Amino acid sequence: MAKFTYNKNKKKPLAARILVLILAVAFLVGIVIMAIPARAEESTENLTVQSFETGKLADAISEAADGTDYNFIKNIAVLSGTLNEADYGALAAIPNLEIIELAGTETEGGVIPENALPSRNQLTVLTLPKNTSEIGKNAFSGNRKLVKVLMPAAVTKIDDYAFASCEALEEIPVSAAVTYIGEGAFQDCKSLTEFVIPAGISELYPNTFSKCGFESISIGPDVKKIGSSVFADCNNLKDIYAYGKEAPALDSDVFRNVSASVHCYEDSEESYGSWKQNNIAIAVDLIGEYSLKAEVSEENNAAYDDKYTASDNSEAETGTASAADTGEQTETTAEAVLAAQQVQTVQQGGLSIGVVIVIVIMASVIAVLATILVMTKKGGKS
């Protein structure tokens with residue numbers, strides 16, 4: 001009988017030891033698993049480059065990053081300097097950028113080069129250089145998470161497929177200065193719900209707006225021709241406001257899979273009658289001269305100095321600015337990134353606190369179990 005009692009008491013501490021060992025291993029594994037994302041999140045950087053020499057933005061980014069893994073850089077603000085094709089390549093080398101802030105910079109010759117920053121995985125907000133006048137072919141195509149673009153009123157040309165397949169794009173401040181929108185420039189921009197085609201545009205090229213999410217669109221008075229499939233598969237399009245005295249000539253499949261009404265002037269009704277065969281109803285209800293402009297947000301205007309507005313071409317050409325103006329612009333330029341930094345810091349803090357709480361709870365459980373084990377062992381010896 002004494003032997004049976006001894007064996008029973010010996011088994012209890014052994015079982016407790018095994019339980020504590022299992023919990024300890026689970027605890028360590030949990031710490032490792034939680035530490036990896038926590039470290040990645042804490043390593044996230046909001047990078048600011050004060051200035052750089054044209055063609056050497058990569059060096060300036062490397063210096064500012066100071067060893068930070070580029071995979072953890074989410075937002076970048078470049079406050080001054082002139083970008084060329086190589087400098088856009090330097091930005092493209094940072095894979096997970098969500099915000100790119102370039103309003104304080106210039107782009108070489110006023111032109112954003114072809115394929116400047118296409119198919120970014122995470123990009124949501126983009127602010128273009130302050131002297132941008134042309135946006136090259138495919139410059140920002142395939143940025144499927146891009147929601148907002150800020151750009152100066154100096155832009156006159158948006159080339160072929162510049163923003164194609166930017167499915168989340170909700171805002172694009174196309175000013176009255178734009179006189180050319182290329183083939184497929186906004187193709188498959190499903191989140192654009194309205195658009196104003198500026199007065200200076202005379203032709204719409206194939207697929208410019210195909211598969212867009214438009215509910216309404218306004219066509220300026222100077223449009224003479226609309227190319228093939230321009231509004232094809234814009235299934236939500238219901239209202240077309242056409243301000244031309246004569247109906248633009250239509251190429252094939254312009255309104256494929258569209259059922260809408262074209263609103264025109266009374267003396268233009270006969271001219272637009274030819275559109276009926278494209279399943280377009282005619283509404284004679286336009287009054288007054290064309291005076292529409294694309295809506296430009298206050299945020300967009302605040303991002304750029306006044307000298308880059310379309311109403312002041314002389315100063316835009318000379319590119320002069322006072323020191324006070326430049327200082328104000330630089331301050332505005334960084335505001336979006338600073339706001340993002342504050343939000344991200346709060347998020348990181350929340351994650352760290354959560355990890356600490358979990359660790360404390362697990363440590364407390366192990367401490368309690370260890371105490372029980374010791375007490376059990378002492379009880380067995382006694």
Side-chain angles (χ1 to χ4, degrees), residues 45-62 64-65 70 73-118 120 122-136 138-141 143 145-155 158 162-163 166 169 171-173 175 296-297 299-305 307-309 316 319 321 325-341:
E45 293 289 339
N46 300 279
L47 204 64
T48 299
V49 175
Q50 295 293 332
S51 62
F52 67 96
E53 183 180 341
T54 299
K56 296 184 177 181
L57 179 57
D59 295 337
I61 290 174
S62 177
Y70 281 10
I73 298 174
K74 297 293 184 67
N75 311 320
I76 185 168
V78 185
L79 302 187
S80 64
T82 300
L83 295 95
N84 65 9
E85 188 172 351
D87 297 321
Y88 286 99
L91 292 171
I94 307 176
N96 297 316
L97 285 177
E98 297 176 1
I99 298 175
I100 299 178
E101 171 60 79
L102 303 174
T105 68
E106 295 189 356
T107 188
E108 197 169 56
V111 179
I112 293 177
E114 296 182 12
N115 300 296
L117 288 166
R120 310 296 301 159
Q122 306 297 334
L123 186 62
T124 58
V125 179
L126 172 66
T127 306
L128 303 185
K130 61 189 178 183
N131 72 328
T132 304
S133 60
E134 297 184 15
I135 300 173
N138 296 295
F140 306 111
S141 62
N143 287 305
K145 293 186 178 182
L146 183 62
V147 174
K148 182 188 303 182
V149 175
L150 305 182
M151 65 184 190
V155 174
I158 301 172
F163 293 98
C166 291
L169 186 62
E171 296 181 36
I172 182 74
S175 74
V296 179
S297 67
E299 180 184 2
N300 189 87
N301 290 334
Y304 299 98
D305 190 89
K307 70 182 187 311
Y308 292 103
T309 61
D325 289 338
T326 305
E328 289 174 4
Q329 179 186 332
T330 301
E331 182 179 353
T332 304
T333 301
E335 284 180 356
V337 173
L338 289 174
Q341 289 174 347

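Small disclaimer: the values here were computed from a predicted structure and weren't measured.
- By the side-chain contact (heavy atoms from CB on, under 4.5 Å) test, A65 is found to be paired with L47, T68, Y70, I73, residues two or more places apart in sequence or in another chain being considered.
- What you find for K130 and A103 is that their closest heavy atoms are CB-O, 3.3 Å.
- To the nearest 0.5 Å, atom CD1 of residue I76 and atom CD1 of residue I94 are 4.0 Å apart.
- What you find for V149 and P173 is that their closest heavy atoms are O-CD, 3.1 Å.
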Could you check E45 against N75 for side chain to side chain contact (heavy atoms under 4.5 Å, CB included), going step by step and ending with a plain yes or no? CA-CA 7 Å; E45 293 289 339; N75 311 320; over 6 Å; no

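- Shown here are the side-chain contact (heavy atoms from CB on, under 4.5 Å) partners of Q122, two or more places apart in sequence or in another chain: N96, E98, K145.
- In this structure, S175 contributes its side chain and A153 its backbone to a donor-acceptor pair below 3.5 Å.
- Note: L126 CG to L117 CG = 7.0 Å, rounded to the nearest 0.5 Å.
- Take N138 and apply the side-chain contact (heavy atoms from CB on, under 4.5 Å) test, not counting sequence neighbours, and it matches N115, S141, Y161.
- Residue pairs meeting the side-chain hydrogen bond (donor to acceptor under 3.5 Å, both in side chains) criterion with at least one partner in residues 83-92, sequence neighbours excluded, are Y88-T107.
- With hydrogens and angles disregarded, no donor-acceptor distance shorter than 3.5 Å links the side chain of T127 to the backbone of L150.
- Taking the side chain as every heavy atom from C-beta outward, D59 and S62 never approach each other to under 4.5 Å.
- Residues passing the ring-ring contact (aromatic ring centres under 6.0 Å, His included) test with F163, sequence neighbours excluded: F140, F186.
- A distance of 10.5 Å separates CD1 in I99 from NZ in K74, rounded to the nearest 0.5 Å.
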